[in-house]
2 protein chains.
Amino acid sequence: MTTLIETFAALSDPTRLDVIERLMAEGELPAGALVENTQMSAPAMSRHLKVLRHAGLVEQRVAGTSRLYSVRPEALKAIADWTMDHRTFWEAGMARLDAHLALEEGEGE
Amino acid sequence: MTTLIETFAALSDPTRLDVIERLMAEGELPAGALVENTQMSAPAMSRHLKVLRHAGLVEQRVAGTSRLYSVRPEALKAIADWTMDHRTFWEAGMARLDAHLALEEGEGE
DNA sequence: ACCATTATTAACATAAGTGTTAATTAACGA
DNA sequence: TCGTTAATTAACACTTATGTTAATAATGGT
């Protein structure tokens with residue numbers, strides 16, 4: 001099992017977050033397609049993909065000379081689960097904030 | 001506004017993720033209390049708290065010589081919002097996985 | 001004023017992350 | 001088998017992150 005920390009670390013880089021969002025939007029893509037939209041060399045992207053793979057965020061499928069990458073839904077769900085585990089905390093907090101802001105608004109603050 | 005990338009980066013360290021979870025569970029705590037449970041020096045923790053603060057994950061309240069830290073619910077909600085923005089993606093993916101696993105089970109795979 | 005307490009900033013050492021170019025590996029078609 | 005295409009690994013440079021101890025700042029009690 002990959003930890004939540006690894007997952008967050010994997011997503012803490014702009015290139016990698018882009019890759020994830022692109023793969024979610026467009027589906028499975030070869031490494032080459034992921035390099036094209038960036039200013040980055042292929043080796044650099046290759047290593048970012050390795051980080052994502054080790055963190056369990058993407059999986060690789062070999063097809064001829066191409067490596068096709070896709071997002072593993074479990075990884076996304078793990079983050080969703082974590083936020084939901086703490087939902088009562090932040091929902092309560094947001095409600096308090098909303099109430100506070102509404103009060104300030106009413107007072108002409 | 002702090003970006004999602006900063007948020008993920010802030011949570012990608014074990015010490016910092018612990019701090020966040022502890023603050024959510026126990027509520028506002030002084031820096032000193034957060035150091036006690038760790039093997040870490042106070043200055044190191046102080047800097048972790050600074051990272052969390054700059055990422056908008058916690059806020060600091062001054063009370064005498066103490067600095068009381070608490071989690072900002074907005075930050076947590078930002079992550080929840082992001083996962084929910086992509087919910088259709090990973091829910092569909094999980095459903096596909098479940099179906100696949102059920103099939104394998106039925107086939108005695 | 002002085003001292004103790006709480007916490008941060010400064011200065012430094014070391015480890016980890018990220019990019020580059022060059023070299024290597026693997027699949028495919030002529 | 002030879003050359004082309006797709007991608008990764010190797011070797012290197014440089015920046016960023018993280019920990020330590022020592023020094024500084026600020027509050028509160030006597």
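In what follows, chains carry the letters A, B, and so on, assigned in the order in which the sequence lines appear, proteins first and then strands, with residues in each chain numbered from 1. Here the structure is a predicted model, which means the values were calculated and not measured.
As rounded to whole Å, 13 Å separates atom C1' of dT8(C) from atom NE2 of His54(B). Taking atom CG of Leu52(A) as the reference point, atom C1' of dT8(D) lies 15 Å away to the nearest angstrom. In this structure, Leu49(A) places its CG atom 16 Å from P of dA6(D), rounding to the nearest Å. Atom CZ in Arg61(A) sits roughly 17 Å away from atom P in dA6(D) (whole-Å rounding). The distance from atom CD of Glu6(A) to atom P of dA16(C) is 14 Å, rounded to the nearest whole Å. The CG atom of Leu68(B) sits 14 Å away from the P atom of dT27(D) (whole-angstrom rounding).
Within the structure, the side-chain hydrogen bond (donor to acceptor under 3.5 Å, both in side chains) test picks out no pair touching residues 29-45 of chain A (sequence neighbours left out).
Between Asp81(A) and Lys77(A) a salt bridge is recorded (basic side-chain N to carboxylate O distance below 4.0 Å).
For Ser66(B) and dT5(C), the shortest distance from a side-chain N or O to OP1 or OP2 is not below 4.0 Å. Side-chain nitrogen and oxygen atoms of Gln60(A) include none within less than 4.0 Å of the OP1 or OP2 phosphate oxygen of dA7(D). OP1 and OP2 of dT6(C) both lie 4.0 Å or more from every side-chain N or O belonging to Tyr69(B). For Lys50(A) and dT9(D), the shortest distance from a side-chain N or O to OP1 or OP2 is below 4.0 Å.
When side chains are defined from C-beta on, Ile79(A) counts as touching Ile79(B), because their heavy atoms get closer than 4.5 Å. Counting heavy atoms from C-beta on, the side chains of Leu23(A) and Leu34(A) come closer than 4.5 Å.
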With the criterion being N/O to N/O and under 3.5 Å, what pairs connect the protein with nucleotides 27-30 of chain C, and how long is each?
none

Protein-nucleotides 11-18 of chain D N/O pairs closer than 3.5 Å?
residue: dT18(D); atom: OP2; partner: Arg16(B); partner atom: NH1; Å: 3.2

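Aromatic pair Trp82(A)/His86(A): ring centres closer than 6.0 Å.
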Check: residues 56-64 of chain B side-chain donor-acceptor pairs under 3.5 Å, at least two apart:
residue: Gln60(B); atom: NE2; partner: Tyr69(B); partner atom: OH; Å: 2.8
residue: Arg61(B); atom: NE; partner: Glu28(B); partner atom: OE2; Å: 2.6
residue: Arg61(B); atom: NH2; partner: Glu28(B); partner atom: OE1; Å: 2.9
residue: Arg61(B); atom: NH2; partner: Glu28(B); partner atom: OE2; Å: 3.4

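Residues forming a salt bridge (Lys or Arg N to Asp or Glu O under 4.0 Å) with Glu21(B) (at least two apart in sequence, or on another chain): none. Partners of Thr15(A) by side chain to side chain contact (heavy atoms under 4.5 Å, CB included), not counting sequence neighbours, listed by chain and number: Asp13(A), Met40(A), Met45(A), His48(A). Considering only residues two or more places apart in sequence or on other chains, Phe89(B) meets the ring pair (Phe, Tyr, Trp, His ring centres under 6.0 Å) condition with none of them. Here Asp85(A) pairs with nothing under the side-chain hydrogen bond (donor to acceptor under 3.5 Å, both in side chains) rule; sequence neighbours left out. Taking the salt bridge (Lys or Arg N to Asp or Glu O under 4.0 Å) definition, one finds that Arg72(B) meets it with Glu74(B), sequence neighbours left out. Scored by the side chain to side chain contact (heavy atoms under 4.5 Å, CB included) test, Ala9(A) finds Ser12(B) as partners (sequence neighbours excluded).
Near DNA chain C, meaning a heavy atom under 4.0 Å away, the residues from residues 20-38 of chain B are Pro30(B), Ala31(B), Gly32(B).
Checking dT21(C), dT8(C), dT20(D) against every side-chain atom of Ser41(A), the shortest atom distance belongs to dT21(C).
Judged by distance alone, with hydrogens and angles left aside, the side-chain atoms of His54(B) form a donor-acceptor pair with the main-chain N or O of Lys50(B) at under 3.5 Å.
For the helix from dA1(C)-dT30(D) to dA30(C)-dT1(D), the angle separating the two terminal helix axes comes to 10°, with each axis derived from five pairs and the value rounded to 10°.
Connection of Leu68(B) to Met24(B) is not established within any shared hydrophobic cluster, with ILVMFWY side chains joined at heavy-atom distances below 4.5 Å, either directly or through further cluster members.
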